[in-house]
Amino acid sequence: MTITSPDLGSPAAAWTDARLLYALEEVVETELNRHLKVAKDWMPHEYVPFSDARNFPGQFEDGEAWDKEQSKVTEIGRIALVVNLLTEDNLPSYHHEIASLFGRDGAWGTWVHRWTAEEGRHGIVMRDYLLASRAVDPDKLEAFRMQHMSEGFESDNRHSMLHSVAYVAFQELATRISHRNTGHQSGDPVCDRMLARIATDENLHMVFYRNLLKAAFELAPDLTMQACRDVVVNFRMPGHGMPGFERMAAQMAIGEVYNLRIHHDDVLQPVLRHLKVLEIGGLGPEGLKAQEELGFFMGGLDAEASKFDEKLAARKARMAARGKA
């Protein structure tokens, strides 16, 4: 679909959030209808091993205290599952933010509510799985949830609709990759199957926002390029505010759930390549500057990822040597 800009005088200066929202409404409706045709409803309870569940201490006299040996989930799987679930737990904040930015009426509003409902499923099934399989300490998980949600969440991109669209185009893919790799590293086929189902949803969400970002590039290429540059250069996962996130993120990087190489190769590059962001022509001075800076940043990130790869390989070699000793 080709989007044409209305006669707004100076194009870059005239594109306010309100005008962009209105101009993109038809694209949102098209993408919403496509999403509803391909998305499949699924039941969270069908992915949870309830037959493995038993009471915890508390209101039940026969409750059994939690012990990490009760679960087959690996240590890195446990860490990543907690990070992923607590990220999902902040759904009320995410809903408030996108509802404030995109509105609650028309196609935008329908999408906001549909996306929220689908994301809510992810938190439900992950928590049920963690409790039924005894993968984590339930008391610590609840204390962690209360602390994280009590502090609230504010996106780095809440000031701009374009920045928010650019961010979620990358973030939804990052979330999909994180869930998928967590499943692979979990050591439990049941967990892997559950997270594969969640990852399928996240991929559809990414496609929705990626196509919306493409339309934004057609409408306002210079402003969209600047937003894309800002988001990529300053990208942070939505869980960055949770207590101890840096430490857990480092463990997930070493465990190959999510690290610089994955971020570069599996998240940023696919979206940029699909939209041909670094090949877009006809930009004004500010758009061209943003495009060049984005290209330089990606080159630098690739170099940093290579350094990380070397360190990770050296660490694996040391671990292997110790295992043979």
Side-chain angles (χ1 to χ4, degrees), residues 35-36 38-95 113-150 172 175-205 238-239 242 244 248 251-252 255 257-258:
H35 177 85
L36 293 175
V38 298
K40 295 181 179 179
D41 276 337
W42 53 278
M43 301 297 117
H45 54 266
E46 294 179 357
Y47 288 82
V48 179
F50 285 110
S51 60
D52 294 342
R54 49 201 186 276
N55 295 336
F56 289 101
Q59 299 300 315
F60 300 97
E61 293 182 2
D62 60 343
E64 181 181 351
W66 178 82
D67 186 283
K68 66 188 305 183
E69 299 304 321
Q70 295 165 347
S71 171
K72 64 184 73 173
V73 173
T74 61
E75 184 62 22
I76 187 58
R78 199 186 322 275
I79 293 167
L81 279 163
V82 170
V83 170
N84 292 351
L85 174 57
L86 290 179
T87 300
E88 299 285 356
D89 277 334
N90 254 329
L91 183 59
S93 292
Y94 309 148
H95 174 84
H113 296 307
R114 172 72 189 199
W115 175 87
T116 301
E118 291 184 4
E119 290 289 344
R121 235 186 230 145
H122 302 166
I124 290 169
V125 71
M126 288 176 67
R127 175 167 281 100
D128 285 352
Y129 166 80
L130 289 175
L131 296 179
S133 68
R134 289 183 167 244
V136 299
D137 183 331
D139 294 342
K140 289 184 178 179
L141 181 65
E142 177 60 11
F144 208 179
R145 185 191 71 85
M146 286 295 294
Q147 182 181 0
H148 183 42
M149 291 193 68
S150 295
E172 292 284 4
T175 304
R176 173 200 168 220
I177 295 296
S178 180
H179 282 311
R180 202 69 196 92
N181 288 343
T182 298
H184 292 329
Q185 301 289 350
S186 69
D188 181 8
V190 175
C191 179
D192 192 24
R193 187 163 54 249
M194 171 193 68
L195 291 175
R197 177 59 260 187
I198 293 175
T200 298
D201 282 359
E202 301 290 9
N203 194 62
L204 291 178
H205 297 165
M242 69 179 63
M248 291 185 290
Q251 292 170 308
M252 290 168 66
V257 172
Y258 200 94

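Partners of F144 by ring pair (Phe, Tyr, Trp, His ring centres under 6.0 Å), not counting sequence neighbours: none found. For Y129, the ring pair (Phe, Tyr, Trp, His ring centres under 6.0 Å) test picks out no residue, with sequence neighbours left out. Partners of N90 according to the side chain to side chain donor-acceptor pair (under 3.5 Å) rule, which considers only residues two or more places apart in sequence or in another chain, are H148. Taking P92 as the reference, M149 meet the side-chain contact (heavy atoms from CB on, under 4.5 Å) condition, with sequence neighbours excluded. Residues passing the side-chain contact (heavy atoms from CB on, under 4.5 Å) test with L204 are H35, V38, A39, sequence neighbours excluded. Evaluation of the salt bridge (charged side-chain N to carboxylate O under 4.0 Å, His left out) rule for E64 yields R54 as partners, not counting sequence neighbours. For Q185, the side-chain contact (heavy atoms from CB on, under 4.5 Å) criterion is met by I76, E256, V257, not counting sequence neighbours. Applying the salt bridge (charged side-chain N to carboxylate O under 4.0 Å, His left out) criterion to K140, with sequence neighbours excluded, gives no partner residue. R134 meets the salt bridge (charged side-chain N to carboxylate O under 4.0 Å, His left out) test with no other residue; sequence neighbours excluded. Applying the salt bridge (charged side-chain N to carboxylate O under 4.0 Å, His left out) criterion to D201, with sequence neighbours excluded, gives R197. Residues forming a side chain to side chain donor-acceptor pair (under 3.5 Å) with R114 (at least two apart in sequence, or on another chain): E118.
The salt bridge (Lys or Arg N to Asp or Glu O under 4.0 Å) pairs that include a residue from residues 180-191 are R180-D192, where partners are two or more places apart or lie in different chains.
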